[in-house]
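Worksheet: the structure to be examined is printed underneath.
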Amino acid sequence: MEAYTYLLVNLACISIPFIASFYPKHAFYKDWKPFFKANIIVTLLFVVWDAIFTNLGIWGFNKTYLVGIHIGNLPLEEVLFFICIPYACVFSYFAFQYFFKSNFLQKSQTIISYFLITMLLVVGIFNYGKLYTAVTFFVTSFYLMYLVYKKTDLSLHYLSYLFVMPFFFLSNGVLTGSFLVEPIVWYNDAENLGIRISNIPIEDSVYGLLLIFMNIEFYNYFKQKK
């Protein structure tokens with residue numbers, strides 16, 4: 001069963017959102033077409049990034065917990081991660097649109113964005129030699145700048161992010177070694193800040209924010225086109 005560990009983590013993340021997608025009054029499955037169009041684009045971008053960093057030894061994977069199928073230098077489970085996690089996140093965003101016409105982050109979203117942009121830029125500049133930190137922080141900062149420039153309402157983006165983060169950290173905790181003898185995904189700490197939440201590099205939370213926001217934005221784009 002060890003070889004199915006990463007696969008089971010992915011399935012656990014998507015199982016409840018998938019079942020809830022068929023809720024008749026507000027069915028997410030009707031939005032599968034714009035979601036999967038969006039997700040294919042974002043997944044391709046992240047898979048290229050992931051493959052390059054894997055090749056550079058910035059992170060890697062423990063074969064003990066993998067089924068052994070690879071796409072390039074990435075295990076199948078890693079590619080599925082970029083589908084399962086965004087599905088759960090965009091589903092949450094979709095559900096919050098139904099349950100909340102506004103939320104407590106509506107008035108503070110701009111301040112949050114400017115704070116994150118500034119903090120990520122400063123930390124990235126002072127750690128430009130650490131590739132995971134620098135690339136993740138710079139790309140996320142610039143993407144937030146773009147969204148602010150577009151005057152995008154990010155209140156539900158942030159609310160969705162906050163909602164899924166406990167589950168994100170639980171799944172990532174397993175991937176980085178919580179409850180296991182060895183981590184499924186290992187990191188080269190020379191390329192990150194060395195700050196961990198449990199076993200999880202702090203950069204993962206920023207990486208996750210970028211992954212979530214890009215999926216939501218492309219989802220909204222394709223949904224509006226439809």
Side-chain angles (χ1 to χ4, degrees), residues 1-17 46-47 49-50 53-54 56-67 74-93 105 112 115-116 119-120 122-124 126-127 129-141 144 157-216:
M1 284 297 293
E2 278 187 334
Y4 295 95
T5 305
Y6 195 171
L7 184 61
L8 289 172
V9 170
N10 283 328
L11 292 176
C13 290
I14 200 174
S15 56
I16 294 176
F46 273 81
V47 162
W49 179 359
D50 201 342
F53 272 28
T54 300
L56 293 173
I58 293 170
W59 54 53
F61 308 94
N62 188 334
K63 294 179 181 179
T64 303
Y65 302 106
L66 307 174
V67 295
L74 298 180
L76 172 65
E77 295 90 339
E78 181 74 353
V79 177
L80 291 176
F81 176 89
F82 296 121
I83 300 171
C84 295
I85 297 297
Y87 187 96
C89 297
V90 177
F91 168 79
S92 300
Y93 173 82
L105 295 175
I112 294 170
F115 170 77
L116 287 174
M119 184 269 292
L120 294 173
V122 170
V123 175
F126 280 96
N127 293 276
K130 301 177 186 292
L131 275 178
Y132 187 23
T133 305
V135 173
T136 305
F137 283 26
F138 283 142
V139 172
T140 305
S141 181
L144 286 174
H157 293 56
Y158 286 122
L159 185 61
S160 302
Y161 174 75
L162 289 174
F163 176 77
V164 302
M165 282 314 287
F167 305 102
F168 182 80
F169 278 116
L170 179 61
S171 61
N172 256 31
V174 175
L175 296 182
T176 54
S178 297
F179 318 113
L180 299 174
V181 177
E182 298 175 294
I184 299 172
V185 182
W186 56 261
Y187 293 84
N188 177 0
D189 284 341
E191 302 294 349
N192 61 55
L193 293 172
I195 301 171
R196 299 208 174 206
I197 302 171
S198 182
N199 298 314
I200 307 164
I202 192 69
E203 287 84 355
D204 277 12
S205 62
V206 181
Y207 186 88
L209 184 145
L210 180 64
L211 177 65
I212 292 168
F213 279 31
M214 288 186 72
N215 271 280
I216 290 174

By side-chain contact (heavy atoms from CB on, under 4.5 Å), which residues pair with [X], not counting sequence neighbours?
X    : value
V135 : W49, F53, L131, V139
S178 : S198, N199
S171 : V9, C13, I85

To the nearest 0.5 angstrom, please state how far the [atom1] atom of [X] sits from the [atom2] atom of [Y].
X    : Y    : atom1 : atom2 : answer
Y65  : Y4   : OH    : OH    : 16.0 Å
L175 : W186 : CG    : CH2   : 15.0 Å
L144 : H157 : CG    : NE2   : 10.0 Å
E191 : N127 : CD    : CG    : 11.0 Å
M214 : I216 : CE    : CD1   : 12.0 Å
I200 : Y187 : CD1   : OH    : 8.0 Å

Could you tell me if the side chain of [Y] sits less than 4.5 Å from the side chain of [X], heavy atoms only?
X    : Y    : answer
L116 : L209 : yes
T54  : W59  : yes
L80  : L7   : yes
L193 : P201 : no
Y87  : N215 : no

Aromatic ring pairing F46/F82, orientation class (parallel under 30°, perpendicular over 60°, tilted between): tilted
Those residues that, when tested against E77, pass side chain to side chain donor-acceptor pair (under 3.5 Å) (two or more places apart): none
Minimum heavy-atom distance between N192 and K130, given as atom pair plus value: O-CD, 3.3 Å
Minimum heavy-atom distance between G57 and N188, given as atom pair plus value: O-CB, 3.3 Å
Any pair counted as salt bridge (Lys or Arg N to Asp or Glu O under 4.0 Å), so long as it reaches residues 193-207, sequence neighbours left out: D189-R196
Identified side chain to side chain contact (heavy atoms under 4.5 Å, CB included) partner of F81 from the options N172, D50, V47: N172
List, one per line, each side-chain donor-acceptor pair under 3.5 Å for residues 158-169, sequence neighbours excluded.
{"unit_1": "Y158", "atom_1": "OH", "unit_2": "S113", "atom_2": "OG", "d": "2.8"}
{"unit_1": "S160", "atom_1": "OG", "unit_2": "L156", "atom_2": "O", "d": "2.7"}
{"unit_1": "Y161", "atom_1": "OH", "unit_2": "S205", "atom_2": "O", "d": "2.8"}

Greater than 12 external heavy atoms within 6.0 Å of L11's CG: yes
